[in-house]
Amino acid sequence: MSGHLIGTGLTKRYAGLVANDAVDIEVRPGEIVGLIGPNGAGKTTCFNCLTGAQKLTSGSITLDGKVITNLPASERAGMGMARTFQQAQLFKHLSVEENLLLGRHRHYGASALRAAIGLAGGAERKARDLVHSIAAQCGLTEVLVAPVGDLPFGTQRMVEVARAIVLEPTVLLVDEPGAGMDSTESAYFGALLARISRERDMSVLIIEHDVAMILSICDRIYVLNFGKLLAQGTPADIRANAEVRAAYFGSTVQEAAV
Amino acid sequence: MAPGVKNLKNAADRGVKLTGGPLMSGKRVEAGGVLILAIGLLVWPLVTPEVAHFYGSLSAIYALIGLSLVILVGWTGQISLGHAAFVGCGCYFGAKLLNNDVPLVLTVVLIGLIGAAISLILGIPSLRLRGVYFTIATLAFGAACQQYFFTRSEVRGIAADQVPRANLVGIQTTTDRGLYYAVLVVLAIALVLAYNTRRTDVGRVLFAIRDSEQAAAAMAIKIAPYKIGLFAASAALASIAGLFYGMLFQATPAPEQFSVLQSLFYLAMPVLGGAEALLGALVGGAFLAVGQPLVNLFDVRLFLMTSIALLLTLLSGFDGVTGALKAGRKAIADAVRGEPVRYGSFVPHEEHDHSPPRVHATVGESPPPVGSVVRVRIVPGVRP
Amino acid sequence: MTMTDPVSAAVAAVTAAKPILATRAMDVGYGNVLAVRRLTLQVNPGEIVALLGPNGAGKTSSLRGITGLVRPQAGTVSVNGVRIDSRGPAVAVQAGLAHVPEGRRVFPEMSVTDNLRLGAWSARRKQKLVDSRLADAYALFPRLAERRGQLAGSMSGGEQQMLAIARALMSEPKLLLIDELSLGLSPLVVDEILARLLELNKEGLSILLIEQFVHRAMEVSDRVYVLKKGHVAFSGTPAAAIRIGAVEEAYHL
Amino acid sequence: MERFFGYLVTGLANGAIFALVALGVVVIYRVSRVINLAQGAIGVFSAFVFHYTLMGDLGMPVAVATAGAILTGAVLGAGVEKFVVRPVQTRGALATLTATTGVLLLLTELTVQLWGPDNPVIASVFPDTLVRIGNTGVTVHQIGTAGIVIVLAGGLYWMLAKTWVGVGITAIAQDPGAARIVGLPVRSIVTLTWAIGGASAAVAGLMYIHLNSLDQISLTFVLISSLVAAALGGFNSLPLAGAGGVAVGLIFSFGQGYQPVAGIGQLLVFIALLGVLLVRSNKPQLDVVSEF
């Protein structure tokens, strides 16, 4: 099994600010791991460092035993690391189907020249078949021909996730998928993600503010606060952790109960 | 939490799925349109006088240049302000090859390769950078070509070199009509290549890079090679157009014909015709070429008319003529259906809870705004 | 009397002489997405009101709608009875609102003094007034006075937050809208800033506060609104919110 | 040696003009994120208005006509922003760049339509008297040009640093969203910035046309030189853009002087640009404070 992502001592400094301070994080094959914490805790920075969108100040990252600390984002994606963005980054000039087909880029298998002279039929058909099956799985069949800009926000987020899944990644990093989804959608989304992860042997790291969803689908959870790891453990551990509640509410549980 | 509240609000947005009316199943209509257009392009020179064939050839040549800009501007979002220089290179180098009896087919290929090779000189340093550096590099390149390279007698010839009209695999180009068909063949091949590229992986990748380089990188796409490669293809097309431009005039034109201002003028083609559809190139090319005799008639300068048309097109908000047509077709389709197409949620319908929200109590002096639902939890207790 | 806190608060709000800020059924959205639906809230003179709720609940969008950074798609916003919706942020500032945005948004390559002076744009023709406000700001935050020539981007997060607040105060607002006061700040710094804000409040400044540390926000505020998925799920006193667990429910914790 | 000195003076005088146009381009770019390709055309149009309309038709004295030409440039700059750039700005950088291209074509053609294709000798505020230095001479106009540019550049610097409007412009350049939040009238300030850019282009046009003959070629050359100058500074730094302008002027003057081949200046400028682009590196895309 693959999809084993390990970040060791991840540290990211901006002028005068420490966004991540020696964060150790591990996503084991097949696991769904949550990353939570209050606003400004450094979750997205951690995420961007793992995916290569930002450069680490220090620390190291390995994927399936290979060091990827200094690889650009596109090469990490080529190794099977897929991601979504906090602000959905869809290709707005393309239809939903074309957006999803882009996920097949690394498996496409026909050269530019062959495609230009019309010999990419086979590769194109294979890609479309896979895209259609994943779209069906994600409830997107009906909107395949739609321009992405015309979709409701929640559906746009789903398209982005589906596009990442089409990549057939071994590890998927999802940044706040619930933003823009209503509670029905986000509950449905969580269940769907868990199922897809199981069926495809894909490990998942997910940032999410909908704590209910995180608690229900994750195997393990990391909690960040002020750029440092505050806690980690199973959903039950996290739910019982007084410090975590304090991080969210700014006081201890005893005070909160008053 | 009762999801009912939410669902009531969203009920209108949901479950309305795309229904393709007869007008929307556009594949067949489109194919028919292209077929009619193709037949028209083949037949019209047979029934028109000689003088029209010159402008027909010019249209086709402009359309080639327009196509080179459509794939560059429309697909990758890069603007070249020096494309006339590639046209010039194609024209001058093409004249040399033809004068040395190189067959026209081979010349077309060689000129394409030369144009692509030249494009790498400025494409590689500038396209690996984000932002406007590429545009400015093309501008400086255009000026250097116009002022330095094209004024050399080794390039252009002493005054002007003759450009022979060679045959293109059996197509006689000695008449303007013959030349028109020759260019049309090349244009058709270029359009087919572009069409195939657009609807397969490379085309999607280019649009992806244009829309979000960050997300493209997350799709395992290496960005710079695509941008540089497409610019090379665009330069090749423009150079080939230049070759035919020389053949049309049967002599190498003065460097002013390939000036920076001319490059800006060419840019009107993707804007007027539409940069996102391949046919935009044909429309833009025809506009410029047919505009020429028309403006001569009315004694207005072509540049003036073009610049006004360009500004009006930009201000109209449509993606050129093809964009306006597309918008018009969508509006008609919506009108026929009675409402615009709307897309629903990805959540299967049966999982929705359509029960009304539970209203426990409403309080407040003035009535709440119409349609609002106020939920208040009453907590039993006594205030001290 | 068996009236409970939220109700008495609501009654108090309605009977209060004149709210500084009142929104009525305000919708705020981006494109085809509504982030805030039919928001009705008000802030009375001298009050500190907290806007609570998990991420994505629409808190920031509410502030953006109020100050006109995003034009509300429906509803009204009035300041002291005068409508300011869809008239843009410059009008909101003139009407007496000042916005401390999420993430501070100080001008990074400008000195502290220039940042502050920009806050007094509407008073730019009265040099003396600007100078006296500048002196007030430095008196309130002595740490800024020490760094008046420094570039704002090179300061620590806490100092930048002080600068953002001081910059907002330079327009002599009647109501301060603060988005995510403690974002990325250590608790000690937050305490220091909160102490200053409470002083200002005693002098009559009203405050509308978005704060992720719920309990800290509740300690200082007179009333709270809890938002959930774009609409008001609870409004009333902090004590009532705690008693019925409105906040914890909204956060799913 | 005297040739060297002569080329130096010519290069500095022309370079100062490029610098002035480049400064306008950069200031506009910083507040609007738009490269105004019409900058050079605005300068030429204003210079023609000066020569044909204000001096010729209306018979104004040079000083008054100069002021009128500068006003023309300012109005043109503001007009381009308000009626062309802003309406298309929501559609992205591509549309705005093509829109300024359209303005460039339009203004160039208008000059030809209104006043014919001649290259008039345009009057200067300064006399053309030669000041002899050693064996070479410098005209008062050349000195005046350099002087005016230095004064204007200094004035621009002072305005941006010290005046309310200038600080507002700087603030918008750094964070337009925050500027709105603070309550600055962002739209008016942006329009004003374009007016300033247009006015500086008019000054540059007046100076340039007196030194060089004007036709479409020299117009595009002014444009290209100043854009290259602005690119040298990464479109963000006023001092670098100014220095870039002077450098381009010198490259051109020395190249043309010592190697009198047509177009050698353009070639050298192109090569210099490629060199600069090769050593420039991409800034990492996301390395900004995104969350903090």
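Residue numbers start from 1 in every chain, and the chains themselves are labelled A, B, ... in the order their sequence lines are given, proteins ahead of strands.
B:Gln78 is not listed as a side-chain neighbour of B:Leu230, based on a closest heavy-atom distance of 4.5 Å or more. Using a 4.5 Å heavy-atom threshold, the side chains of D:Leu277 and B:Leu129 count as touching.
Both the backbone and the side chain of D:Leu94 come within contact range of chain B, judged by heavy atoms closer than 4.5 Å. D:Leu37 touches chain B through its side chain: at least one heavy atom from C-beta onward sits under 4.5 Å away, while N, CA, C and O do not. At a 4.5 Å heavy-atom cutoff, D:Val269 makes no contact with chain B through either its backbone or its side chain. Heavy atoms of B:Ser259 lying under 4.5 Å from chain D are absent altogether. Residue contact with chain B, scored on non-hydrogen atoms closer than 4.5 Å, involves the backbone and the side chain of D:Val103 alike. Only the side chain of D:Leu273 comes within contact range of chain B, judged by heavy atoms closer than 4.5 Å. Residue B:Leu264 touches chain D through both its backbone and its side chain, counting heavy-atom pairs closer than 4.5 Å.
Each of B:Leu267, B:Leu81, B:Leu315 has some count of heavy-atom pairs under 4.5 Å with chain D, and the biggest count is that of B:Leu315. Per-residue counts of heavy-atom pairs under 4.5 Å with chain B were compared for D:Val261, D:Leu268, D:Leu106, D:Thr96; the largest is that of D:Leu106. Among B:Thr306, B:Thr135, B:Val132, the residue making the largest number of heavy-atom pairs under 4.5 Å with chain D is B:Val132. Top candidate by heavy-atom pairs under 4.5 Å with chain B, chosen from D:Leu105, D:Ile264, D:Leu227, is D:Leu105. Comparing D:Thr98, D:Val279, D:Val88 by how many heavy-atom pairs each has under 4.5 Å with chain B, the most go to D:Thr98. Contact tally against chain B (heavy-atom pairs below 4.5 Å) for D:Leu110, D:Val84, D:Leu267: the top residue is D:Leu267.
Judged by a 6.0 Å distance limit and a 45° cone about the ring axis, B:Arg128 is not positioned over the six-membered ring of B:Phe134. Taking the ring centre of D:Phe83 as origin, the terminal cationic atom of D:Arg86 falls outside the region bounded by 6.0 Å and 45° from the ring axis.
Counted within 6.0 Å of NZ on D:Lys82, heavy atoms from surrounding residues, nucleotides or ligands total 12 or fewer; the atom is thus considered open.
Of all non-hydrogen atoms in B:Ser80 and B:Leu72, the two that sit nearest each other are CB-CD2, 3.5 Å. Summarising the geometry of D:Gly245 relative to D:Ala229, their closest heavy-atom pair is N-CB, 3.2 Å, with the distance given to 0.1 Å.
Using a cutoff of 4.0 Å between basic side-chain nitrogens and carboxylate oxygens, B:Glu213 and B:Lys227 are scored as salt-bridged.
Among the candidates B:Phe86, B:Phe258, B:Phe150, the single residue satisfying the side chain to side chain contact (heavy atoms under 4.5 Å, CB included) test with B:Cys91 is B:Phe258.
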